[in-house]
Novice: 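Have a look at this one before I ask anything.
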Amino acid sequence: MSLTNNKQVLSWIDEMIALTKPESVVWIDGSEDQLEALRAEACATGEMYKLNEEKLPGCYLHRTDPNDVARVEKQTYICCSKEEDAGPTNNWMAPAEAYARLNEIFDGSMKGRTAYIIPYSMGPIGSPFSKVGIEITDSIYVVLNMVIMTRVGKAVMDALGDSNDFVRGLHSKAQLDASKKYICHFPEDNTIMSVNSGYGGNVLLGKKCFALRIASYQGKNEGWMAEHMLILGLENPQGEVKYIAAAFPSACGKTNLAMLIPPEIYKKQGYKVWCVGDDIAWIRIGEDGRLWACNPENGFFGVAPGTNEKSNPNALASTRKNSIFTNVALNLDDNTVWWEKLDNNPPKNSLDWKGDVWNADPTRPGAHPNSRFTAPAKNCPCVSPEFDSPKGVPLTAIVFGGRRAKTAPLCYQSFDWNNGVFVGSIMASETTAAATGAVGVVRRDPMAMLPFCGYNMGDYWQHWLDMGKKLGDKAPKIFNVNWFRTDDEGNFIWPGFGDNMRVLEWIIDRCEGKVGADETPIGYVPSADDINIEGLDISKETLEGLLDVDPEIWKKELSGIEEFYGKFGDKLPDELKAQLEGLRARLG
Ligand code: GTP
Ligand code: SPV
Ligand code: MN
C-alpha cells in the first residue's frame with residue numbers, strides 16, 4: 001500500500017523497482033507493529049540478534065560483513081556534469097557514466113528480496129527548514145537504523161504533498177562485492193545511489209550522503225550551510241544558555257563534547273551542557289541576522305569503543321534501550337554487549353565483533369575500532385529542550401578541532417571571521433577507523449568536511465567567506481581546539497572529555513569580552529591563568545606546554561598548507577591566499 005499519490009515519487013519508485021526487481025515492495029510507515037515484525041524477521045534470518053530484554057530492552061546486535069566496516073572514501077563519488085565542480089578533494093564520475101555503471105550493478109540486485117521504501121524527514125516533519133528524502137533499500141538493518149536516525153512515516157509524505165523537492169536514495173546490499181561497491185551522489189539530480197555495502201555511513205542515506213554531501217550543495221545554492229558539526233548548549237549558573245557548534249573530523253570527539261558532563265567544580269555552581277546534535281548541523285541566518293543551527297537527525301550513530309560511565313555517561317545511557325549495536329562483542333553469559341574501554345571486565349565467555357569465539361583474548365579486540373551504537377536522541381539524559389525546535393538555536397561560537405599530536409595548542413581564537421575560515425580550511429587531523437585506509441596519518445581535513453563536501457572545496461570556502469559578509473558583526477566567533485596533544489611516550493596530556501568544559505568556559509568568556517588572551521601569530525591563545533585547572537591533576541607548566549605555539553613547527557606547516565591550497569587553482573579564494581601570507585608574515 002502506497003503512502004502517497006505524489007506522481008513524481010511514484011514514478012521514480014516504479015523505475016527503481018523495475019531496475020532492481022525485488023520480489024515484493026513494502027512502504028515503511030514507522031508503526032511499532034510493522035517495526036516489530038521486521039525485527040522478528042531479521043532475528044529469524046540472523047541479520048539481527050536480540051539482546052537481554054531486562055538489561056537492554058528493545059536492543060539488538062548486528063554484525064556487518066568483516067570487510068564492510070567503515071565508510072569507503074575511495075569508492076565515494078560526486079557525479080556532477082563538470083569535473084571542476086567536484087573539485088580536487090572528491091572522486092568524480094560523469095553522471096552518464098555513473099548511471100550506466102550503476103544501472104548494470106543494480107539490475108536485478110534485489111531479486112528474491114523485499115524492497116523497503118522509507119519516507120524520511122531530515123529535521124522536524126513539516127518545518128520550513130526540514131527536507132524530505134526517500135530511501136529504497138533491501139536491508140532491514142537499514143530500515144531499523146533509519147527509523148532511529150530520522151523521522152519516518154506517512155506524515156513525511158503528507159508534508160511533501162505534490163512537491164518534487166525530495167532526495168532520491170537507492171540502496172542495495174547486492175552481493176556485498178567490494179569491487180563493485182559505489183557510493184554515488186548526483187547533486188544536480190537530488191539523487192544518491194549506494195550499492196554493495198551494508199555499513200552505516202555508506203547506506204544510511206539520510207546521514208552523510210544527504211545531510212552533508214547533497215545538502216552542502218543545496219546550501220551553497222540556497223544561502224545556508226550543511227556542516228559536520230555537533231551543537232551544544234552551555235547553561236551558566238544564571239540559567240542563560242549559549243550555543244556552540246563544533247566541527248571535528250570523524251571519531252575525533254563530537255559525540256563526547258556534545259554530551260559532556262561538567263567537572264564537579266562547575267556542576268556544583270550550576271553549569272550544564274545540553275545536547276542539540278552530535279554530528280550534523282544545518283545552519284542559516286535567522287531573522288535577527290544571527291546564525292541559527294538545527295540538527296537534522298533524530299538519533300546518534302556513535303563510536304562505541306571508549307564510551308563508558310566516566311568518559312560519556314550520557315551516551316552510554318542513551319544506548320540502554322531501543323538501540324542497535326553494530327560490530328561490538330557479545331557477552332554470552334547475559335546476552336549484553338561489550339567494547340574496548342567500556343569497563344575493565346572484558347567478558348570471559350564471549351564472541352568478538354565477527355561472531356568468532358573471543359573469551360576476552362587479550363591479543364585481539366572484542367569490538368571493531370569503528371563499532372557503533374544507534375540510539376534515539378530522546379534517550380539522552382541531556383537532550384536539549386530545543387532539540388525539536390524548527391528554527392534551531394542561535395550560535396555564539398563555532399569551534400574547529402582535530403587530532404594533532406603536536407602542532408595545534410589546546411585552544412586558540414581566530415582574529416576575525418575570515419581568519420576563522422582560514423583556520424577551518426587548514427585543519428589537519430590524524431585519520432581514524434571511521435573510514436577504511438590507514439589510521440593515525442595526518443591529513444588536511446578542512447572544516448572536518450573533506451569526505452563530505454558535495455562540491456568544489458574552493459567554492460565551499462568562498463561560501464563560508466560570503467556568509468561572513470552577510471553576518472557582519474553578528475557573526476559567531478571562531479575558535480580551534482585540540483584535545484589530543486601527546487607527550488614523548490604518546491600519552492594524551494590533556495584529560496579531555498568532561499574537562500573540556502574548562503576550555504568551553506574560556507571560549508564563552510571570550511565571546512562575552514570577559515577574558516583577555518595572548519596574541520600569537522596563529523591567533524589569540526588563552527593565558528595559562530585563564531584556564532581553570534582546579535581539581536585537575538595538571539600543573540601550570542603542563543598547561544603552558546599545552547598552550548604553546550611553536551613558530552618553528554608552524555613555519556613547517558606553511559609549506560603543507562601551500563601545497564594543499566595549490567590543488568585548488570583559481571578556485572582558491574583570494575582572501576585565503578591573503579590569510580596564508582598574513583600568517584607567513586606574522587611567523588617572520
Ligand atoms: P563520528 O561519529 O565518527 O563523526 O565521531 P565523533 O567526532 O562524534 O567522535 P566521538 O565523540 O565518538 O569520539 C571518538 C573517539 O575519541 C572515542 O573513542 C572517544 O572516546 C575519543 N575521545 C572523544 N573525546 C575525547 C577527548 O576529549 N580526549 C580523548 N583523549 N579522547 C576523546
Ligand atoms: C563519520 O564517519 O563521521 C560518522 C560515521 O559519523 S558514518 O555515519 O559512517 O559516516
Ligand atoms: Mn561524523
Side-chain angles (χ1 to χ4, degrees), residues 64 68-73 76 142 145-146 149 183 194 197-213 227-232 246-260 275 277-281 295 297 299-308 310-312 314-316 318-319 326-327 339-342 367-375 399-405 410-411 429-437 439 445 448-452 481-486 490-504 546:
T64 65
D68 185 30
V69 294
R71 284 182 294 99
V72 284
E73 296 180 2
T76 299
V142 167
N145 273 274
M146 285 294 285
M149 294 304 297
I183 321 297
S194 163
S197 173
Y199 172 77
N202 298 328
V203 300
L204 308 180
L205 300 185
K207 198 171 174 61
K208 298 302 166 53
C209 299
F210 178 172
L212 288 179
R213 298 196 189 96
E227 300 296 335
H228 192 202
M229 290 179 176
L230 68 91
I231 310 165
L232 67 81
F248 310 153
S250 301
C252 290
K254 291 183 299 300
T255 303
N256 279 270
L257 191 68
M259 302 178 187
L260 81 73
C275 175
D278 82 325
D279 197 47
I280 297 176
N295 170 16
E297 301 192 279
F300 311 119
F301 185 61
V303 176
T307 307
N308 60 52
K310 197 162 168 283
S311 65
N312 194 349
N314 284 321
L316 196 62
S318 307
T319 67
T326 302
N327 293 339
W339 50 76
E340 275 55 36
K341 296 205 192 141
L342 172 63
H368 186 276
N370 190 38
S371 54
R372 299 257 166 181
F373 54 79
T374 318
V399 179
F400 296 120
R403 288 179 187 259
R404 287 312 287 272
L410 179 62
C411 178
S429 190
E430 291 158 22
T431 51
T432 66
T436 53
V439 168
D445 189 346
M449 285 288 279
L450 180 75
F452 308 122
V481 298
N482 178 22
W483 317 137
F484 298 96
R485 269 216 197 183
T486 54
N491 303 307
F492 296 122
I493 306 171
W494 178 248
F497 301 103
D499 288 310
N500 294 332
M501 170 70 204
R502 300 166 190 273
V503 175
L504 296 184
L546 282 165

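Order of appearance sets the numbers: ligands from 1, and atoms from 1 within every ligand.
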Novice: Identify, by atom number and element, the atoms of ligand 2 in contact range of Ser250, meaning under 4.0 Å from any of its heavy atoms.
Specialist: 1 (C), 2 (O), 3 (O)

Novice: Only heavy atoms of Lys254, strictly under 4.0 Å: list the atoms of ligand 1 that pass.
Specialist: 1 (P), 4 (O), 5 (O), 6 (P), 7 (O), 8 (O), 9 (O), 11 (O)

Novice: Would you check if the Mn ion (ligand 3) lies under 2.8 Å from any N, O or S atom of Lys208?
Specialist: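 Lys208 does place an N, O or S atom closer than 2.8 Å to the Mn ion (ligand 3).
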
Novice: State whether the shortest distance between N or O atoms of Thr307 and N or O atoms of ligand 1 falls below 3.5 angstrom.
Specialist: no

Novice: Of all the atoms in ligand 2, which lie at a distance below 4.0 Å from a heavy atom belonging to His228?
Specialist: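 Counting from 1, the qualifying ligand atoms are 3 (O).
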
Novice: Hey, are Arg71 and Ser250 close enough side-chain-wise for a donor-acceptor pair under 3.5 Å?
Specialist: yes

Novice: Going by atom types only, do Asp68 and Ser197 share a side-chain donor-acceptor pair under 3.5 Å?
Specialist: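 The criterion, which ignores hydrogens and geometry beyond distance, is satisfied for Ser197 and Asp68.
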
Novice: What atoms of ligand 1 come within less than 4.0 Å of a heavy atom belonging to Pro305?
Specialist: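 This gives 17 (C), 18 (O) as the contact atoms.
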
Novice: Report, rounded to 10°, the angle at the Mn ion (ligand 3) between the two atoms OD1 (Asp279) and NE2 (His228).
Specialist: 90°

Novice: Quick check on Lys254 - does any of its heavy atoms sit under 4.0 Å from an atom of ligand 2?
Specialist: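 For ligand 2, residue contact (heavy atoms, under 4.0 Å) with Lys254 is absent.
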
Novice: Any atoms of ligand 2 less than 4.0 Å from a non-hydrogen atom of Gly201? List them with their elements.
Specialist: 7 (S), 8 (O), 9 (O), 10 (O)

Novice: One residue to check: Asp279. Relative to ligand 2, which of side chain, backbone, both or neither has a non-hydrogen atom less than 4.0 Å away?
Specialist: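 Side chain only.
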
Novice: One pair to check against side-chain contact (heavy atoms from CB on, under 4.5 Å): Asn500 and Trp483. What are the steps and the verdict?
Specialist: CA-CA 8 Å; Asn500 294 332; Trp483 317 137; 3.2 Å; yes

Novice: Between ligand 1 and Asn500, is the shortest N or O to N or O distance under 3.5 Å?
Specialist: yes

Novice: Hey, which atoms in ligand 1 end up nearer than 4.0 Å to a heavy atom of Arg403?
Specialist: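 What qualifies from ligand 1 is 15 (C), 16 (O).
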
Novice: Phe492 heavy atoms, cut-off 4.0 Å: which ligand 1 atoms fall inside?
Specialist: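 Those of ligand 1 that fall under 4.0 Å from Phe492 are 30 (N).
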
Novice: Should you measure from each heavy atom of Ala434, which atoms of ligand 2 turn up under 4.0 Å away?
Specialist: 2 (O)

Novice: I need the atoms of ligand 2 closer than 4.0 Å to a non-hydrogen atom of Tyr199, numbered in the order shown.
Specialist: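 Selected atoms, number and element: 9 (O).
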
Novice: For a quick check under 3.5 Å, do Asn327 and Tyr199 share a side-chain donor-acceptor pair by atom type?
Specialist: no

Novice: Can you tell which part of Ser250 has a heavy atom less than 4.0 Å from ligand 1: side chain, backbone, both or neither?
Specialist: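 Both parts.
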
Novice: Show the atoms of ligand 1 that are less than 4.0 angstrom away from any heavy atom in Arg372.
Specialist: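 Every atom of ligand 1 under 4.0 Å from some heavy atom of Arg372: 1 (P), 2 (O), 3 (O).
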
Novice: At less than 4.0 angstrom from any non-hydrogen atom of His228, what atoms of ligand 1 do you find?
Specialist: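 Listed by number with element: 4 (O).
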
Novice: Taking 4.0 angstrom as the limit and counting only heavy atoms of Phe452, give me the atoms of ligand 2 inside it, by number and element.
Specialist: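 Checking each atom against Phe452, I get 3 (O).
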
Novice: Taking 4.0 angstrom as the limit and counting only heavy atoms of Pro249, give me the atoms of ligand 1 inside it, by number and element.
Specialist: 7 (O)

Novice: Do Arg403 and Phe484 form a cation-pi contact, if we require the NZ or CZ to be under 6.0 Å from the six-membered ring centre and within 45 degrees of the ring's axis?
Specialist: yes

Novice: Check the side chains of Asp279 and Thr255 for a donor-acceptor pair under 3.5 angstrom, ignoring hydrogens and angles.
Specialist: no

Novice: Would you please say whether a donor-acceptor pair under 3.5 Å links the side chains of Ser194 and Asn202?
Specialist: no

